[in-house]
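Step one of this worksheet: look at the structure below.
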Amino acid sequence: MWGKGKNNRIEEEQRTVELMIRLYCRYKEGHRTLCPECREMLDYSRARLSRCPFQKDKRTCRLCTIHCYRPDMKRRIRKVMRYAGPRMLWYHPLIALRHLWREYRG
């Protein structure tokens with residue numbers, strides 16, 4: 001599914017967040033393509049993940065000890081995840097199950 005590299009974990013997280021934002025923007029907000037606000041959130045989350053100090057040993061952001069998002073972006077991404085998280089099992093079941101497994105493992 002994803003390439004084998006040292007940043008494989010970060011790439012997986014970036015893809016998962018992108019799918020969640022796209023799901024939210026399409027079904028909650030009714031846009032066919034990403035609106036400017038969702039594009040901004042996606043770019044911000046990619047930038048934060050690319051600078052993650054844990055890189056290949058990264059945990060899910062909810063379990064992270066650093067919490068590097070600005071408060072306004074944290075509120076926005078939390079809103080997206082509350083909506084898209086449960087729906088990921090329906091639209092992207094393998095990615096959702098992998099994410100849940102990583103969160104369970106801690």
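Small disclaimer: the values here were computed from a predicted structure and weren't measured.
There is a path of hydrophobic side-chain contacts, each under 4.5 Å, that joins Trp90 to Met20. Both Tyr27 and Met81 are assigned to one and the same hydrophobic cluster, defined by single-linkage of ILVMFWY side chains at heavy-atom distances under 4.5 Å.
With rounding to the nearest 0.5 Å, the separation of CD in Glu13 from CZ in Arg48 is 14.5 Å. Going from atom OH of Tyr44 over to atom CG of Leu49 covers 10.5 Å, rounded to the nearest 0.5 Å. Between the OG1 atom of Thr16 and the CZ atom of Arg102 there is a distance of 8.0 Å, given to the nearest 0.5 Å. Once rounded to the nearest 0.5 Å, the distance linking CG of Leu97 with CG of Leu89 reads 5.5 Å. Within the model, atoms SG of Cys52 and CD of Gln14 stand 10.0 Å from one another, a figure rounded to the nearest 0.5 Å. To the nearest 0.5 angstrom, Arg46 atom CZ is 13.5 Å from Ile10 atom CD1.
For Arg82 against Pro86, the heavy-atom pair with the smallest separation is O-CD, 3.4 Å. Between Cys35 and Cys25, the shortest heavy-atom contact is N-SG, 3.4 Å. Minimum heavy-atom separation, Leu34 to Arg22: CG-NH1, 3.7 Å.
With a 4.5 Å cut-off on side-chain heavy atoms, Asp43 and Arg39 count as touching. Contact check for Val80 versus Cys38: no side-chain heavy atoms found under the 4.5 Å cut-off.
The side-chain tip of Arg87 points at the ring of Tyr83 from less than 6.0 angstrom away and within 45° of straight on. In this structure, Arg75 is not positioned above the aromatic face of Tyr69 in the sense of NZ or CZ being under 6.0 Å from the six-membered ring centre and within 45° of the axis.
Among residues at least two apart or in separate chains, there is no salt bridge (Lys or Arg N to Asp or Glu O under 4.0 Å) pair with a member in residues 24-34.
Side-chain atoms of Arg76 never come within 3.5 Å of backbone atoms of Asp72 as a donor-acceptor pair (strictly under, hydrogens ignored).
Here Arg15 does not pair with Glu12 in a salt bridge; the nearest charged N to carboxylate O distance is not below 4.0 Å.
Remark: His92 engages Leu19, Met88, Ile95 in a side-chain contact (heavy atoms from CB on, under 4.5 Å) (not counting sequence neighbours).
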